[in-house]
J.: 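Pasting in a structure now, in structure tokens, and then I'll have a few things to ask.
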Amino acid sequence: MNKELPIAIFDSGIGGLTVAKRLYRLLPKEKIIYFGDTARVPYGTKSAETIKQYAIQITRFLIRFNPKIIVIACHSVSSLGTSFLKRRFPGITFIDVINPSALQALKTTRNKQIGVIGPPATISSKRYESIIKRIDSQVHVYQKACPLLVPLAEEGWFDTDVTKNIISYYVDDLLEKQIDTLILGCTHYPLLEKAIRAVVGPSVFLVDASEATGIKVKKVLQQQDLLNKGKLKKHVPVLFFSDLPDYRKKIMSRFWNTQALLIKKASTGGKKNV
Ligand code: DGL
């Protein structure tokens, strides 16, 4: 396989950009193709069947670019496992965000009290709990579904008082359990990190999926001898969104404001809503 082929990343919306940005910094020679399904966000309040259908449509769109790896930068899709995609698209390497984050949380916790916040689909799948408990059955995992946080992030309400109040409504129960580690079980949540930090205080370790996932992607590409080792050539990331109102472009540039980006509108060919 050609090492110059792109890394493809997808999410329900702008949240996966936290992963894309991290990969761009970690692997500056790699080409990045991103797809955010902004026409159908949020995923986390939808059924497993619908989420699977969306993920398949997006993968079909991304494989036109012949990616060397596809990163599922969405916990709602990752919580369904990767086997339904691997079966449909054999030969493609998929990396999810849940496994790397769960392992990082296990390395971080000292008191074995771990909290997880995420969209309803991710929390009800209990995937974090089962991965963590399989490795260490002594760990307690406290989970909380936070359906309002993705819309707040999509609207760019990253650090408002309203955002902090809603976060506090969701996480106060977890803090009462004396958690020392909080998994941000949604790639949108690092966008709200300042507000989350203000609520949880300085001593709780926040697990941001982008960090552990970035390391995992690098490792897998190394193992498969697919890292692009040519001369340093910074590529302009190409970001596709299934809906792109002007005001959202401003939110994106607020978040990823350093270098040139190519932002395009694209459709997976799927229905707007199933
Ligand atoms: N960024 C997605 C995730 O990590 C958000 C899910 C949603 O759209 O509800 O799960």
Side-chain angles (χ1 to χ4, degrees), residues 5-21 23-24 30-82 84-97 119-122 147 150-156 186-188 191 235-256 259-274:
L5 292 173
I7 297 175
I9 303 161
F10 77 88
D11 180 37
S12 59
I14 62 170
L17 290 175
T18 56
V19 178
K21 197 173 159 185
L23 279 169
Y24 181 77
E30 302 292 341
K31 288 183 194 144
I32 304 266
I33 305 276
Y34 181 86
F35 187 92
D37 200 1
T38 41
R40 302 187 291 198
V41 68
Y43 280 12
T45 50
K46 297 186 171 71
S47 68
E49 263 331 290
T50 299
I51 299 171
K52 276 186 186 172
Q53 204 174 321
Y54 291 171
I56 289 166
Q57 289 164 357
I58 295 171
T59 305
R60 220 177 270 137
F61 171 82
L62 290 173
I63 55 176
R64 292 186 212 156
F65 300 92
N66 210 4
K68 56 185 175 187
I69 197 162
I70 296 185
V71 182
I72 306 168
C74 177
H75 289 71
S76 302
V77 176
S78 300
S79 70
L80 303 171
T82 51
F84 76 98
L85 287 170
K86 284 183 181 152
R87 265 198 310 275
R88 285 245 180 183
F89 305 97
I92 302 268
T93 305
F94 290 94
I95 303 283
D96 77 300
V97 279
T122 303
V150 167
L152 285 168
E154 285 284 324
E155 284 305 314
C186 173
T187 52
H188 282 73
L191 299 170
H235 294 280
V236 175
V238 185
L239 315 181
F240 292 101
F241 293 95
S242 51
D243 195 21
L244 201 52
D246 280 344
Y247 84 103
R248 278 194 193 277
K249 283 191 200 163
K250 283 191 204 124
I251 295 168
M252 281 162 214
S253 50
R254 234 178 89 194
F255 163 62
W256 197 336
Q259 67 288 312
L261 295 172
L262 209 54
I263 298 181
K264 298 182 178 190
K265 189 161 184 286
S267 161
T268 59
K271 289 184 202 152
K272 286 278 179 257
N273 274 304
V274 175

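In this chain, residues are counted from 1 in sequence order.
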J.: By side chain to side chain donor-acceptor pair (under 3.5 Å), which residues pair with K264, not counting sequence neighbours?
T.: none
J.: Distance check, rounded to the nearest 0.5 Å: S47 atom OG versus K52 atom NZ?
T.: 10.0 Å
J.: Say you draw a straight line from NZ of K21 to CD1 of I9; how long is it, rounded to the nearest 0.5 Å?
T.: 13.0 Å
J.: As an exercise, state the distance from CG of D243 to OG1 of T38, rounded to the nearest 0.5 Å.
T.: 5.0 Å
J.: For the side chain to side chain contact (heavy atoms under 4.5 Å, CB included) test, which of V19, D11, V238 pairs with Y34?
T.: D11
J.: Taking the six-membered ring for Trp, are F84 and F94 closer than 6.0 Å centroid to centroid?
T.: no
J.: For residues E30 and H235, is any side-chain donor paired with an opposing acceptor at under 3.5 Å?
T.: no
J.: What distance separates I69 CD1 from I92 CD1, expressed to the nearest 0.5 Å?
T.: 10.0 Å
J.: When the aromatic ring centroids of F61 and F240 are compared, is their separation below 6.0 Å?
T.: yes
J.: Using the side chain to side chain contact (heavy atoms under 4.5 Å, CB included) rule, pick out the option among I70, L239, T268 that qualifies with F35.
T.: T268
J.: Please state whether the rings of Y54 and Y43 are parallel, tilted or perpendicular, taking 30° and 60° as the class boundaries.
T.: tilted
J.: At what distance, to the nearest 0.5 angstrom, does OG1 of T59 lie from NZ of K86?
T.: 12.5 Å
J.: Among residues at least two apart in sequence or on other chains, which ones pass salt bridge (charged side-chain N to carboxylate O under 4.0 Å, His left out) with D37?
T.: R40
